[in-house]
Q: 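To start, I am sharing the structure in question, which I have written as structure tokens.
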Amino acid sequence: EKELIMNGRKTFGGKSLAGVKPTVKAISRNREEYVGETKFDVIKQERNLNPVYHPLEKPIEYTRALNAVKVQKIYAKPFVYALAGHTDGIYKMAFHPDKISWLLSGSCDGEVKIWNVATQKPIFSFAAHTNSFVQGLAVHPDGEKFFTCGTDKTIKIWHYPEEDNEVLEASNYQAVKTYLTEEPVLDVDIRNSKKETNFAACSSKISLYDFERSQAIATYSWGVDSVSTLRFNPVEKDIIVSAATDRSIVIHDTRLSTKSSGASVRKLIMENRTNCLSWNPQEPFYFATGNEDNNIYIFDMRRLHTAHRVLLDHVGAVMSVEYSPTGTQILSGSYDRSIRLWDSKEQLESGRSKQIYHTKRMQRVFSTIWTKDEKYVVSGSDDTNIRVWKAEASAPTKILARREKEKIEYSNKLVERYKDLPQIARIKNHKHLPKQIYNVKKMRVEMKKSAQKRDQRRRARNNRSAAEPREKTKTKSL
């Protein structure tokens with residue numbers, strides 16, 4: 001008002017300014033919310049989320065997603081380290097149920113080693129079986145003992161040695177109990193319960209044992225050859241799924257009669273032999289099988305007549321398959337000298353793997369296993385080495401700050417949002433394959449195309465012959 005009077009104006013817009021008080025609008029903020037105490041403090045920033053004020057939001061996000069997926073491929077270095085010390089191929093592996101850094105490994109020369117994965121050093125090693133493979137290795141959930149079996153017709157129960165016991169020697173380390181069998185034992189497994197006293201082993205039949213007895217308390221068979229592997233259901237502890245050398249998959253219920261096939265619930269005959277089994281720990285009516293036809297089949301025990309999913313990427317026999325602790329991912333090892341990971345529902349439906357891990361020196365993979373935190377996977381191969389890999393190939397191994405974690409999560413969400421766009425999908429789905437696997441896959445594509453062309457020509461020929469009228473043949477009367 002003073003400024004208007006000084007300029008000689010006492011009216012504004014034809015109206016008198018007499019008696020009008022000036023109003024001043026000011027922005028009031030709490031200074032403590034916007035100014036940090038030090039230069040390292042994160043300052044709060046206001047942002048209007050109205051899309052009208054951000055017309056280039058999608059192009060900017062697309063560019064960020066494209067850069068993020070490129071960075072993921074650049075920093076995709078999944079191999080962490082290798083554990084060397086065995087003198088023969090690694091056939092079985094298992095983690096300690098309580099000490100998450102303890103890894104047990106059994107080799108083809110009968111030796112069992114206990115490793116500390118955190119320090120990358122062996123804790124103890126001993127000869128579990130003489131002149132025999134370690135065919136089976138199972139840990140008891142109570143964390144006090146573990147089981148081994150082999151082709152020397154024995155099943156042995158062992159106690160864990162103390163980590164700081166330097167006096168104990170391998171020659172003085174003896175099994176707590178030994179079960180003698182009439183046939184070579186091919187696998188062993190125990191129910192998922194700390195108070196459990198029963199375990200199962202397989203040879204030409206499935207035998208159920210008790211800790212307090214020296215002979216099997218029950219046997220189960222259904223007219224099969226040698227049973228190569230078996231697994232207890234993690235929830236329904238009386239359900240056993242087994243695979244045999246006659247291409248059959250059988251589900252047994254130990255609560256039923258043991259006479260003949262009274263305890264057998266379902267039986268399925270595959271076209272090829274099944275090498276390995278694994279139950280889904282979160283959805284225990286699903287189990288995965290690794291087959292000699294290079295595929296992984298996921299079955300629902302309630303509908304065993306057809307496979308629920310088929311995973312197709314391997315080019316060699318699948319020797320090991322393992323569900324992750326959360327049941328959302330699958331890890332497999334194959335005779336084609338590679339391991340693969342399947343993740344998310346879309347990849348399981350398409351049958352294509354998320355990652356393929358391989359090295360030049362790695363040979364045929366017989367055993368794979370997840371760590372308890374699901375961040376790493378471990379593989380044992382025929383070249384006597386145990387290898388540790390990252391479950392996410394581009395994931396950093398260092399301890400991340402909060403802002404670094406938020407940045408990685410934001411980038412992953414952007415890639416997930418724009419994963420179906422052509423350029424991002426091409427980079428994201430690209431996998432570097434070894435020359436051997438690449439040539440086999442290329443040959444299979446050519447064989448599939450040839451079969452399709454042959455089928456089309458046969459159909460066209462049949463349709464053409466069906467459309468042509470047939471000539472009537474004249475018969476002469478005698």
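Hydrogens, waters and symmetry mates play no part in the numbers below; they use all other heavy atoms, side chains included.
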Q: Between the main-chain N or O of L49 and the side-chain N or O of H54, is there a donor-acceptor pair closer than 3.5 Å?
A: no

Q: Atom OH in Y81, atom CD1 in I386: separation rounded to 0.5 Å?
A: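 Those atoms lie 10.0 Å apart.
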
Q: Between CG of L331 and CD1 of I296, what distance do you get to the nearest 0.5 Å?
A: 8.5 Å

Q: For E271, is the CD atom crowded, meaning more than 12 foreign heavy atoms sit under 6.0 Å from it?
A: no

Q: So, do I330 and Y323 sit near enough that their side-chain heavy atoms are less than 4.5 Å apart?
A: yes

Q: Hey, are N412 and Q72 close enough side-chain-wise for a donor-acceptor pair under 3.5 Å?
A: yes

Q: Is the shortest side-chain heavy-atom distance between T151 and Q135 below 4.5 Å?
A: yes

Q: Kindly compute the distance separating NZ (K267) from OG (S242), expressed to the nearest 0.5 Å.
A: 9.5 Å

Q: F124 and Y173: ring-ring contact (aromatic ring centres under 6.0 Å, His included), yes or no, with the steps?
A: CA-CA 10 Å; F124 192 69; Y173 189 62; 5.0 Å; yes

Q: In Å, rounded to the nearest 0.5 Å, how long is the span from CD1 of I424 to CZ of R426?
A: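 Here the rounded value is 11.0 Å.
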
Q: Compute both the distance and the angle, then confirm whether K156 meets the cation-pi test with W158: under 6.0 Å from the six-membered ring centre, within 45 degrees of the axis.
A: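 No, K156 and W158 do not form such a contact.
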
Q: I want to know whether Y160 and F146 have ring centres closer than 6.0 Å.
A: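 Ring centroids of Y160 and F146 are less than 6.0 Å from each other.
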
Q: Would you kindly say whether R64 and Y410 are connected by a side-chain donor-acceptor distance under 3.5 Å?
A: yes

Q: Distance-only, no hydrogens or angles: does the D455 side chain make a donor-acceptor pair with backbone N or O of A451 under 3.5 Å?
A: no

Q: Write down the atom of V318, the atom of N295, and the distance for their closest heavy-atom approach.
A: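 Where V318 meets N295 most closely, the heavy atoms are CG2-O, 3.8 Å.
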
Q: For K407, does the NZ atom sit with more than 12 other heavy atoms under 6.0 Å from it, leaving out its own atoms?
A: no

Q: Report, as yes or no, whether the 6.0 Å neighbourhood of atom CD1 on I100 holds more than 12 heavy atoms from other residues, nucleotides or ligands.
A: no

Q: Take atom NZ in K73; do more than 12 heavy atoms of anything else shown fall under 6.0 Å from it?
A: yes

Q: Could you check I123, I114, V378 and say which one makes a side-chain contact (heavy atoms from CB on, under 4.5 Å) with L103?
A: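 Passing option: V378.
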
Q: Kindly indicate, with the supporting measurements, whether the criterion side chain to side chain contact (heavy atoms under 4.5 Å, CB included) is fulfilled by D152 and N131.
A: CA-CA 7 Å; D152 57 354; N131 299 326; over 6 Å; no

Q: Pair V241, R231 - check side chain to side chain contact (heavy atoms under 4.5 Å, CB included), show working.
A: CA-CA 6 Å; V241 61; R231 288 293 178 269; 4.2 Å; yes

Q: Taking atom types as modelled, is there a side-chain donor on S367 or S320 under 3.5 Å from an acceptor on the other?
A: no

Q: Would the distance check show the side chain of S228 and the main-chain N or O of T245 forming a donor-acceptor pair, the cut-off being under 3.5 Å?
A: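 No.
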
Q: Could you tell me whether a side-chain N or O of S278 sits under 3.5 Å from a main-chain N or O of A288, the two making a donor and an acceptor?
A: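 Not a single qualifying donor-acceptor pair exists.
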
Q: Do the side chains of L66 and I427 get nearer than 4.5 Å, heavy atoms only?
A: yes

Q: Run the numbers on I239 and D253 for side chain to side chain contact (heavy atoms under 4.5 Å, CB included), then give the verdict.
A: CA-CA 5 Å; I239 301 296; D253 191 342; 3.9 Å; yes

Q: For atom OH of Y75, decide whether the heavy atoms of other residues, nucleotides or ligands shown that lie under 6.0 angstrom number more than 12.
A: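 Not buried by this count: 12 neighbours or fewer within 6.0 Å.
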
Q: Only counting residues at least two apart or in another chain, list the ones meeting side chain to side chain contact (heavy atoms under 4.5 Å, CB included) with A317.
A: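 Counting only residues at least two positions away or on another chain, A317 forms a side chain to side chain contact (heavy atoms under 4.5 Å, CB included) with N275, E292, M319, Y335.
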
Q: Does atom CZ of R444 have more than 12 heavy-atom neighbours from other groups under 6.0 Å away?
A: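 Yes - once you tally the heavy atoms of other residues, nucleotides and ligands closer than 6.0 Å, there are more than 12.
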
Q: One thing to verify: whether D142 and K194 come together as a salt bridge, which I'm taking to mean a side-chain N less than 4.0 angstrom from a carboxylate O.
A: no

Q: For the residue pair W389 and S379, what are the closest heavy atoms and their distance?
A: NE1-OG, 3.0 Å

Q: If you define the side chain from C-beta out and look only at heavy atoms, does anything of V134 sit under 4.5 Å from Y91?
A: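 Answer no - side chains too far apart.
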
Q: Determine whether a donor-acceptor pair (N or O, by modelled atom type, separation under 3.5 Å) exists between the side chain of K390 and the backbone of V80.
A: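 Looks like no, no N/O pair under 3.5 Å.
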
Q: To check you understand the geometry: which heavy-atom pair defines the closest contact between F147 and F199, and what is its length?
A: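 So the two residues come closest at CE2-CD2, 3.7 Å.
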
Q: Does any part of the side chain of F95, heavy atoms only, come nearer than 4.5 Å to the side chain of T371, both counted from C-beta?
A: yes

Q: Taking atom CD of E283 and atom CG of D300, what is their separation to the nearest 0.5 Å?
A: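 With rounding to 0.5 Å, CD (E283) is 9.5 Å from CG (D300).
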
Q: Would you compute the distance between atom CG of N198 and atom CG of L208 and round it to the nearest 0.5 angstrom?
A: 5.0 Å

Q: Between the side chains of D336 and R340, is the shortest nitrogen-to-carboxylate-oxygen separation below 4.0 Å, so that they form an ion pair?
A: no

Q: Considering non-hydrogen atoms only, spot the tightest contact between G327 and N280 and give its length.
A: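 G327 and N280 have their closest heavy atoms at CA-OD1, 3.4 Å.
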
Q: Is a side-chain N or O of T254 found less than 3.5 angstrom from the main chain of D238, in a donor-acceptor match?
A: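 Yes; judged by distance alone, with no hydrogens or angles, the pair exists.
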
Q: Indicate whether any N or O donor in one side chain lies under 3.5 Å from an N or O acceptor in the other, for E374 and T326.
A: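 Short answer, yes.
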
Q: Salt bridge check, K354 against E392: does any charged N sit closer than 4.0 Å to a carboxylate O?
A: yes

Q: Can you tell me if H129 uses its side chain to pair, donor with acceptor, with the backbone of V112 under 3.5 Å?
A: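 No; zero donor-acceptor contacts below 3.5 Å.
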
Q: For Q423 and Y62, does a side-chain donor sit closer than 3.5 Å to a side-chain acceptor?
A: yes

Q: Any idea which heavy atoms bring V321 and T368 closest together, and the distance?
A: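 Closest approach of V321 to T368: N-OG1, 4.4 Å.
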
Q: With salt bridge (charged side-chain N to carboxylate O under 4.0 Å, His left out) as the test, pick out the partner of E196 among K237, R191, K145.
A: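 So, applying the salt bridge (charged side-chain N to carboxylate O under 4.0 Å, His left out) to E196 and each of K237, R191, K145, only R191 qualifies.
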
Q: Looking only at heavy atoms, which two atoms of P284 and P234 are closest? And how far apart?
A: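 Taking every non-hydrogen atom into account, CB-CG, 4.1 Å.
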
Q: For the NZ atom on K375, are there more than 12 heavy atoms of other groups (residues, nucleotides or ligands in this structure) within a distance under 6.0 Å?
A: no

Q: Going by an N to O cut-off under 4.0 Å, is there a salt bridge joining E416 and K419?
A: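 Salt bridge flag = yes for K419 with E416.
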
Q: Treating R247 as the side-chain partner and M270 as the backbone partner, does any N or O pair qualify as donor plus acceptor under 3.5 Å?
A: yes

Q: Taking the side chain from Q120 and the backbone from A82, do they hold a donor-acceptor pair closer than 3.5 Å?
A: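 Checking the backbone N and O of A82 against the side chain of Q120, no donor-acceptor pair under 3.5 Å is found.
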
Q: Is there side-chain contact between F299 and L277, with heavy atoms separated by less than 4.5 Å?
A: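 Sidechains of L277 and F299: no contact.
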
Q: Would you indicate whether the side-chain heavy atoms of Y357 and L341 approach each other to under 4.5 Å?
A: yes

Q: Counting only heavy atoms not in R403, do more than 12 fall under 6.0 Å of its CZ?
A: no

Q: Which is it for E111 and H86 under the side chain to side chain contact (heavy atoms under 4.5 Å, CB included) test, yes or no, and what are the steps along the way?
A: CA-CA 8 Å; E111 185 183 27; H86 277 288; 3.7 Å; yes

Q: Answer whether the closest heavy-atom distance between the side chains of D382 and F366 falls below 4.5 Å.
A: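 Yes, side chains in contact.
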
Q: Under the salt bridge (Lys or Arg N to Asp or Glu O under 4.0 Å) rule, what do R402 and E406 come out as? Steps first, then yes or no, please.
A: CA-CA 6 Å; R402 179 181 59 84; E406 292 176 354; 2.9 Å; yes

